[in-house]
Chemist: 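Could you have a look at this structure, given as structure tokens, before my questions?
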There are 2 protein chains.
Amino acid sequence: MIQINYQDKRPIYEQVVERFRQLIVKGVLSEDDKIPSVRNLAIDLSINPNTIQKAYQELERLGFIYTVKGRGNFVCGRDRWMEDETTEVLQQLKTCVHELISLGMQGDGIVDTVRTEVKKCANGKDDAAAAGDYNRKGSDAT
Amino acid sequence: MIQINYQDKRPIYEQVVERFRQLIVKGVLSEDDKIPSVRNLAIDLSINPNTIQKAYQELERLGFIYTVKGRGNFVCGRDRWMEDETTEVLQQLKTCVHELISLGMQGDGIVDTVRTEVKKCANGKDDAAAAGDYNRKGSDAT
DNA sequence: CTATGTGTACTAGTTGTGATAGTACACACG
DNA sequence: CGTGTGTACTATCACAACTAGTACACATAG
């Protein structure tokens, strides 16, 4: 489910955050799905519970999950993060366009690239639906 | 020329690298332009020469500058970095597109956004030409 | 109620990286 | 040779990431 890459220079907690962010945005994890407990995931990944806790706090701050004391952590609905995420990624997209122009790439080429990429997504439908679910309400991990 | 933002969480040497990258990509610094010496820039920014050295080594590794022992550091030609940079930014662009699709944005909307941004660049012509040059061959800093 | 699983908070310590400080050496140029 | 340059090296400090261990509060099942 969650893998840690020790070759990666980024801190572990950041990798955990990023991984869950992907799973949630792509729809692999749905609203109110339960995610592993701090302790369970820590054992699973052979790292310290505090590191997972830090990751979960960050995910909560970003609006991706909510916490119920004594019960666990659960995935928030799209309305809690979709707008912010879209704004952010849109900003990244614009920055890329500016840089490509600076690098001498033609505007038409950029637009074409994007159009091609959009079509590719439409055909492949991304990997969200294919991935299936992971840990639904009530089906707690063994 | 180069400013350091101490509010920024990124290390100083990384900020220096990023700033020079921008100046070079945008054409403010041209091929064979001389950039400040390790010691001069260190004094200028009130930081340690070793930090600048680290930044310059990274810039050389990335192909943005070349070093001549005893003379200084100079900007490389576009051919040394343009291809790699374009490939990298293009990859970022595609990732953004995929994420926006996952976030539920319509493909048409994405393409429109890009087209609009391209036009904006075409009108403003970015800020490359406006910035002028900084430190040409032979005009060493005082 | 108790036992268990959960999130939360706190202290203490280790490790790695960024940054500083200082020194020394090699090369280019006038 | 003297100056300005890049390069290399050691030592030290500060901070972030991570680990280790403990303690407490809450929810649920028995």
Side-chain angles (χ1 to χ4, degrees), chain A residues 2-20 32-62 64-76 135 137-142, chain B residues 2-20 32-61 64-76 135-142:
Chain A
I2 304 286
Q3 296 106 14
I4 296 178
N5 178 9
Y6 288 100
Q7 318 312 324
D8 199 323
K9 282 80 55 188
R10 291 179 308 170
I12 296 176
Y13 82 94
E14 210 172 297
Q15 292 186 42
V16 173
V17 169
E18 178 55 23
R19 188 73 183 112
F20 273 111
D32 297 325
D33 277 359
K34 187 176 185 297
I35 65 177
S37 75
V38 170
R39 288 178 177 82
N40 267 345
L41 187 55
I43 293 170
D44 218 46
L45 300 178
S46 303
I47 58 179
N48 196 285
N50 291 338
T51 305
I52 304 295
Q53 188 190 355
K54 186 169 183 181
Y56 281 10
Q57 283 173 339
E58 178 68 5
L59 281 165
E60 188 173 22
R61 193 185 66 79
L62 294 172
F64 287 113
I65 65 174
Y66 62 92
T67 295
V68 185
K69 281 174 76 168
R71 293 196 53 220
N73 293 280
F74 304 87
V75 176
C76 287
N135 197 357
K137 254 178 302 185
S139 76
D140 36 39
T142 44
Chain B
I2 305 285
Q3 296 107 14
I4 296 178
N5 178 10
Y6 288 100
Q7 318 312 323
D8 198 325
K9 282 80 55 188
R10 292 178 307 169
I12 297 176
Y13 84 94
E14 210 171 297
Q15 292 186 42
V16 173
V17 168
E18 178 54 25
R19 187 73 183 112
F20 273 111
D32 296 326
D33 277 359
K34 188 177 184 296
I35 65 177
S37 75
V38 170
R39 288 178 177 81
N40 267 345
L41 187 55
I43 294 171
D44 217 46
L45 300 178
S46 302
I47 59 179
N48 195 285
N50 291 337
T51 304
I52 304 296
Q53 188 191 354
K54 187 170 183 182
Y56 281 10
Q57 282 173 339
E58 179 68 3
L59 282 165
E60 187 174 23
R61 194 185 66 80
F64 287 113
I65 64 175
Y66 63 91
T67 295
V68 185
K69 281 175 76 168
R71 293 196 54 220
N73 292 280
F74 304 87
V75 177
C76 287
N135 196 358
R136 305 199 67 87
K137 252 179 304 184
S139 77
D140 36 37
T142 44

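Model, not experiment: these values are computed from the prediction. A note on names: the letters A, B, ... follow the listed sequences, proteins ahead of strands, and every chain is numbered from 1.
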Chemist: With heavy atoms under 4.0 Å as the rule, sort A:N73 into base, sugar-phosphate or nothing.
Modeler: sugar-phosphate
Chemist: A:K34 has an atom NZ; how far is it from atom P of D:dT28, in whole Å?
Modeler: 12 Å
Chemist: OG1/A:T51 to CD/A:E14 distance, rounded to the nearest 0.5 angstrom?
Modeler: 13.0 Å
Chemist: Find the distance B:N48:CG to D:dT12:P and express it as a whole number of Å.
Modeler: 16 Å
Chemist: State the CG-OH distance between A:D32 and A:Y66, to the nearest 0.5 angstrom.
Modeler: 3.5 Å
Chemist: In whole Å, what is the span from the CG atom of A:D8 to the C1' atom of C:dG16?
Modeler: 15 Å
Chemist: Do the side chain of B:R71 and the base of D:dG4 come within less than 3.5 angstrom through a donor-acceptor pair of N or O atoms?
Modeler: no
Chemist: Considering only side-chain heavy atoms of A:N50, which listed nucleotide, C:dT20, C:dA9, C:dA19, is closest?
Modeler: C:dA9
Chemist: Rounded to whole Å, please give me the gap between CD in B:E58 and P in C:dA19.
Modeler: 13 Å
Chemist: Rounded to the Å, how far apart are B:F74 CZ and D:dG6 C1'?
Modeler: 11 Å
Chemist: Would you say B:K54 places a side-chain N or O within less than 4.0 Å of OP1 or OP2 belonging to C:dA19?
Modeler: no
Chemist: Please figure out whether A:G70 or A:Y13 has its closest DNA chain D nucleotide nearer the 5' end.
Modeler: A:Y13
Chemist: Test for a donor-acceptor pair under 3.5 Å between the base of D:dG6 and the side chain of B:R39, counting only N and O atoms.
Modeler: yes
Chemist: Any chance you could measure A:L41, atom CG, to A:I47, atom CD1, to the nearest 0.5 Å?
Modeler: 6.5 Å
Chemist: Report yes if at least one side-chain N or O of A:T51 is closer than 4.0 Å to OP1 or OP2 of D:dT19; otherwise report no.
Modeler: yes
Chemist: Let's see if you can work this out: which of D:dA8, D:dT19, C:dT20 has an atom nearest to the side-chain heavy atoms of B:I47?
Modeler: C:dT20
Chemist: Would you mind reporting whether A:V17 and A:L62 have side-chain heavy atoms less than 4.5 Å apart?
Modeler: yes
Chemist: With respect to the side chain of B:K69, which nucleotide from C:dG22, D:dT5, C:dC27 is positioned closest?
Modeler: C:dC27
Chemist: Heavy atoms from C-beta onward define the side chain here; which of C:dT8, C:dT20, D:dG6 lies closest to that of A:Q53?
Modeler: C:dT8
Chemist: CG of B:L59 versus P of D:dG6: gap in Å, rounded?
Modeler: 13 Å
Chemist: Separation of B:Y66 atom OH from C:dA28 atom C1', in whole Å?
Modeler: 15 Å
Chemist: For the CD atom of B:Q53 and the OG1 atom of B:T67, what is their distance to the nearest 0.5 Å?
Modeler: 9.5 Å
Chemist: Please report, rounded to the nearest Å, how far the P atom of C:dA9 is from the OH atom of A:Y56.
Modeler: 17 Å
